[in-house]
Amino acid sequence: MKDLKKTSIFISLILRHKPETIGISLDQHGWANVDELINGINKTDDYHIDMGILEEIVRTDNKQRYSFNEDKTKIRANQGHSVNVDVELKEAEPPEQLFHGTGEKFVASIRKEGLIPKSRLYVHLSKDKETAEKVGARHGKPHIFFVHSGKMFRAGYKFYLSENGVWLTKSVPPEFLGER
Ligand code: HQG
């Protein structure tokens with residue numbers, strides 16, 4: 001049986017990318033039915049959960065990746081989706097500067113075309129350099145871009161702040177990127 005962290009990663013896969021892995025679907029706002037999620041997960045050989053375990057995962061997740069609805073009959077990921085759902089993100093005015101950590105192998109392409117969401121719905125931005133370093137390290141040797149988010153916002157670009165504090169935007173053109 002997998003531990004909570006591995007189970008949480010599997011839940012991320014289901015709620016952000018591939019609900020069909022366990023034969024469920026998400027509604028237009030990204031919600032999965034909690035009973036269906038638990039039953040679907042328990043049909044796999046590798047994972048076993050119940051409501052108590054799911055509540056513990058949601059409560060203790062280090063990035064607060066998931067939210068329940070009020071009566072805990074539904075659950076969704078707060079951000080990070082590749083499937084096209086509308087999680088009712090709140091538009092917000094970003095700080096003057098945000099950060100994006102990436103891998104060195106992507107730097108040349110990003111300098112040329114700016115940040116694009118690739119497989120996800122949005123480009124993910126961090127509010128501090130330390131977080132960006134961690135995000136970048138997932139892709140090899142990390143490289144940090146500074147994002148002139150204040151300038152972008154004043155130029156009419158929209159920013160969203162997810163329930164778990166991640167800044168999101170559709171793309172960042174190269175003229176709004178800095179490296180020092
Ligand atoms: C890169 C994790 C070439 C981009 C993290 C990134 C985050 C380009 C990679 C969240 C590019 C996509 C998202 C361009 C962007 N040319 N490469 N023009 N534009 N890229 O994993 O931001 O733990 O989809 O720099 O903490 O790394 O899963 O995005 O390196 O918040 O909750 O394309 O995922 O959170 O990689 O990470 P990803 P990300 P969780």
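Counting starts at 1 for both ligands and their atoms, in listed order. In what follows, every heavy atom counts, from backbone to side chain, and hydrogens, waters and symmetry copies are set aside.
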> Using a heavy-atom cut-off of under 4.0 Å, does the side chain or the backbone of Arg16 touch ligand 1, or both, or neither?
Replying inline: side chain
> Among protein heavy atoms, which lies nearest atom 15 (C) of ligand 1, and at what distance?
Replying inline: Ile116 O, 3.2 Å
>> Show, in sequence, the C-alpha distance, side-chain angles and deciding distance for His124 and Tyr122, and conclude whether the ring pair (Phe, Tyr, Trp, His ring centres under 6.0 Å) test is met.
In response: CA-CA 6 Å; His124 285 51; Tyr122 297 94; 7.7 Å; no
> Is Lys112 touching ligand 1 with its side chain, its backbone, both, or neither, if touching means heavy atoms under 4.0 Å apart?
Replying inline: neither
> Where the closest heavy atom to atom 11 (C) of ligand 1 is concerned, which of Asn62, Ile110, Asp61, Val166 has it?
Replying inline: Ile110
>> With a 3.5 Å distance limit and no angle check, can you tell me whether Arg16 reaches the backbone of Gln79 through a side-chain donor-acceptor pair?
In response: yes
> At what distance is the nearest protein heavy atom to atom 33 (O) of ligand 1, and which residue and atom is it?
Replying inline: Lys118 NZ, 3.1 Å
>> Show the atoms of ligand 1 that are less than 4.0 angstrom away from any heavy atom in Glu113.
In response: 14 (C), 16 (N), 18 (N)
> Nearest protein heavy-atom contact for atom 30 (O) of ligand 1: which residue, which atom, what distance?
Replying inline: Thr102 OG1, 2.9 Å
>> On the six-membered ring of Phe106, is Lys118 placed so that its NZ or CZ lies under 6.0 angstrom from the centre and within 45° of the ring axis?
In response: yes
>> Does any N or O of ligand 1 fall below 3.5 Å from an N or O anywhere on Pro117, backbone included?
In response: no
>> Under 3.5 Å between any N/O of Val135 and any N/O of ligand 1: does that happen in this structure?
In response: no
> For the side chain of Ser162 and the backbone of Asn78, is there at least one donor-acceptor N/O pair under 3.5 Å apart?
Replying inline: no
> Of the protein's non-hydrogen atoms, which lies at the shortest distance from atom 24 (O) of ligand 1, and what is that distance?
Replying inline: Arg120 NE, 2.7 Å
> Are the side chain of Asn164 and the backbone of Tyr66 linked by a donor-acceptor contact shorter than 3.5 Å?
Replying inline: no
> Does Thr73 offer a backbone N or O that forms a donor-acceptor pair with the side chain of Asn69 under 3.5 Å?
Replying inline: yes
> Is it true that Phe146 and Phe99 have ring centroids separated by less than 6.0 Å?
Replying inline: yes
>> Given Arg138, His143, His124, His139, identify the one with the heavy atom nearest to atom 37 (O) of ligand 1.
In response: Arg138
> For atom 14 (C) of ligand 1, which candidate among Ser82, Gly101, Ser109, Ser171 holds the nearest heavy atom?
Replying inline: Ser109
> Can you say whether the rings of Phe10 and Tyr47 are parallel (under 30°), tilted (30 to 60°) or perpendicular (over 60°)?
Replying inline: parallel
> Counting heavy atoms only, which part of Lys134 comes closer than 4.0 Å to ligand 1: side chain, backbone, both or neither?
Replying inline: neither
> Which is closest to atom 35 (O) of ligand 1 in terms of heavy atoms, Lys63, His100, Gln64?
Replying inline: Lys63
> With sequence neighbours excluded, what pairs up with Pro174 under the side-chain contact (heavy atoms from CB on, under 4.5 Å) test?
Replying inline: none
